[in-house]
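Every value quoted in this text rests on a predicted model; they were computed, and no experiment measured them. We name chains A, B, ... by the order of the sequence lines, and we start the count at 1 in each one.
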Protein chains: 2
Amino acid sequence: MKFSSRSHYGLRAMVALARSYPRGPVPLAEIARSEDISFSYLEQLMASLRRAGLVGSTRGVHGGYQLTDAPAEVTVGQVLRALEGPIAPAECASETGNSVFCDRETDCPSKTFWENLRDNIAQVVDATTLADLCPGDTVKVP
Amino acid sequence: MKFSSRSHYGLRAMVALARSYPRGPVPLAEIARSEDISFSYLEQLMASLRRAGLVGSTRGVHGGYQLTDAPAEVTVGQVLRALEGPIAPAECASETGNSVFCDRETDCPSKTFWENLRDNIAQVVDATTLADLCPGDTVKVP
DNA sequence: TAAAATCCCTACTGAATTACTGGGAATTAC
DNA sequence: GTAATTCCCAGTAATTCAGTAGGGATTTTA
């Protein structure tokens, strides 16, 4: 049971962006360097985050990426879903609709468990914001 | 973020064993049939569960597998750990000791989050027993 | 206009993991 | 002794993951 490196790297990158919010766009090369992530790989992660609307990008010489919303408004759940898709500890217990595939459907006791676990994970990731992961930063009212 | 099919099949098998507890050993072929799992694959899963002490086995003609403890005494957490190892949503946040590997170590904000998520998942899986997954069975005091 | 910086896209690849399959040895009941 | 069963280990096909590579497209600076 693991989250992929996409999530680990992606979350770290988002925290990095949160720390320099709202000071204009940050070039990827800078994040790649400070977080020690492959530049090309990070590019792909940012593409997913951009498509999800979590970050905005600016091209050109002083371009880069920046959060579209304040760190306190962005949940870790949003980040993880953008990077890994819906939370689903089991095929039969995905957040998004029905990945029908198991014929047990209605009365599978295990399914009930997996759904319960899924909801619990969702509750945790949705209750944590990027601001919570930026210790020392007093972004909120001083 | 998924649990592997080991967990899905293994948990289903354990629920099946729980349902026929404590009526002596159940042959694997029977579980494989009723749960529609490959016999050979199921064998491997049971080996893990046996090594973890969760099930006992009897060889020979009327042999099979059976729970070593009552369903209400076996948590889903025990089953999942036997099948997949320690709960660890991230390398740096494993239940068992330190898989030191990330140099950020102490002050990584993300690490704190992963540990928090891990503890939450652990809490859920450890609070659920096989008895909870056996609806209709009135195993407890009638 | 030209050059530099930066994002954007897509395809590929090597490694690891997963999900099995198969064969045979040991054990027990009858 | 034979049939039913667990036990054990080796191999393998498919998938996923993590990362690489390279060529645009767009914007700013000069």
Side-chain angles (χ1 to χ4, degrees), chain A residues 1-13 17 20 24-33 35-68 80 83-85 88-91 99 101-102, chain B residues 1-13 17 20 24-33 35-68 80 83-85 88-91 99 101-102:
Chain A
M1 204 299 287
K2 266 188 232 143
F3 282 81
S4 73
S5 80
R6 286 178 69 88
S7 291
H8 303 147
Y9 289 161
L11 183 57
R12 292 225 313 264
L17 285 182
S20 55
V26 181
L28 259 202
E30 192 173 311
I31 298 178
R33 195 173 344 104
E35 293 294 325
D36 198 39
I37 305 174
S38 147
F39 176 84
S40 297
Y41 194 34
L42 188 55
E43 256 189 327
Q44 294 176 49
L45 308 186
M46 294 312 286
S48 296
L49 293 166
R50 181 174 45 79
R51 285 185 211 108
L54 298 178
V55 300
S57 58
T58 314
R59 293 194 185 191
V61 171
H62 289 121
Y65 289 89
Q66 57 191 319
L67 295 186
T68 50
L80 298 187
L83 292 166
E84 303 226 26
E91 291 280 356
S99 41
F101 148 84
C102 184
Chain B
M1 204 300 287
K2 267 190 231 143
F3 282 80
S4 73
S5 78
R6 286 178 69 87
S7 291
H8 303 148
Y9 290 161
L11 183 57
R12 291 224 312 263
L17 285 182
S20 52
V26 182
L28 260 202
E30 192 174 311
I31 298 178
R33 199 177 337 108
E35 293 293 327
D36 198 39
I37 305 174
S38 146
F39 175 83
S40 299
Y41 193 35
L42 188 54
E43 254 188 329
Q44 296 175 49
L45 307 187
M46 294 312 286
S48 296
L49 294 167
R50 179 173 46 78
R51 284 186 215 108
L54 298 178
V55 299
S57 58
T58 313
R59 288 195 184 191
V61 171
H62 289 120
Y65 289 89
Q66 58 191 317
L67 296 187
T68 51
L80 298 187
L83 292 166
E84 303 226 28
E91 292 279 354
S99 40
F101 148 84
C102 183

Whole angstroms only, please: what is the CG-C1' distance between B:L17 and D:dT6? 14 Å

How close or far is atom P of C:dT18 from atom CG of B:L83, stated in whole angstroms? 12 Å

Base, sugar-phosphate alone, or nothing: which one does A:S40 contact when heavy atoms must sit under 4.0 Å apart? base

For a quick check of understanding: with a heavy-atom distance under 4.0 Å over all strands, which category does A:Y9 fall into, base, sugar-phosphate or nothing? sugar-phosphate

Please determine if a side-chain N or O atom of [X] lies less than 4.0 Å away from the OP1 or OP2 oxygen of [N].
X     : N      : result
B:R6  : C:dA19 : no
A:S38 : D:dG19 : no
A:Y65 : C:dC8  : yes
A:R51 : C:dC7  : no
A:S4  : D:dA18 : yes
A:H62 : D:dT29 : yes
A:S57 : C:dT6  : no

Side-chain donor or acceptor of [X] under 3.5 Å from a matching atom on the base of [N]?
X     : N     : result
A:Q44 : C:dC9 : no
B:R59 : D:dA4 : no
A:E43 : C:dC7 : no

Is any side-chain heavy atom of B:M1 closer than 4.5 Å to a side-chain heavy atom of A:S7? no

When every non-hydrogen atom of A:A29 is compared with those of A:F39, the smallest separation belongs to N-CE1, 3.7 Å

Partner nucleotide of C:dC30 by Watson-Crick or wobble geometry (both distances under 3.5 Å): D:dG1

